[in-house]
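I have placed the structure first, in the form of structure tokens, so that the comments after it can refer back to it.
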Amino acid sequence: MRATEEAAPELPPTRLAARQTEAPPPPPPQFRPAEPPSREVTGAFAFRMRTSTLASLARVAHGKHMTQKQIVCMGLRAMGVDVAEADLEDRSPRRRQQFLDT
């Protein structure tokens, strides 16, 4: 051994034996972001209608204190479409009522 190299410190026999029998440390845990248990993914659906139809939809929804989406989803359900309960809830922010005056 060269004079500039340092020798590794020697461990007492009991510590050396303990070090040889120690299990390696476990790998770090892998965390995944928690997902809500039964949350369904949402999607968008849009279509064009005549302004007279939109105005009528807006008037009916306003008169029933419901959203236009709720009215459409109730109609879909009446036709036999399986509509999720969450789609029948009023969860949208209030917007301008542009078709009520036509």
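The first residue in the sequence is number 1, and the count goes up from there.
Scanning both residues, A86 and R91, for their nearest heavy atoms gives O-NE, 3.1 Å. Residues C73 and V83 approach most closely at O-CG2, 3.6 Å, considering heavy atoms.
Here salt bridge (Lys or Arg N to Asp or Glu O under 4.0 Å) pairs that include residues 65-81, with residues two or more places apart or in two chains, are K69-D87, R77-E85.
Under the side chain to side chain contact (heavy atoms under 4.5 Å, CB included) criterion, F45 pairs with F47, not counting sequence neighbours. Considering only residues two or more places apart in sequence or on other chains, R48 meets the side chain to side chain contact (heavy atoms under 4.5 Å, CB included) condition with none of them. Residues satisfying the side chain to side chain contact (heavy atoms under 4.5 Å, CB included) criterion with M79, sequence neighbours excluded, are absent altogether. Shown here are the side chain to side chain contact (heavy atoms under 4.5 Å, CB included) partners of M74, two or more places apart in sequence or in another chain: M66, L88.
The distance from atom CG of L57 to atom NE2 of H62, rounded to the nearest 0.5 Å, is 13.0 Å.
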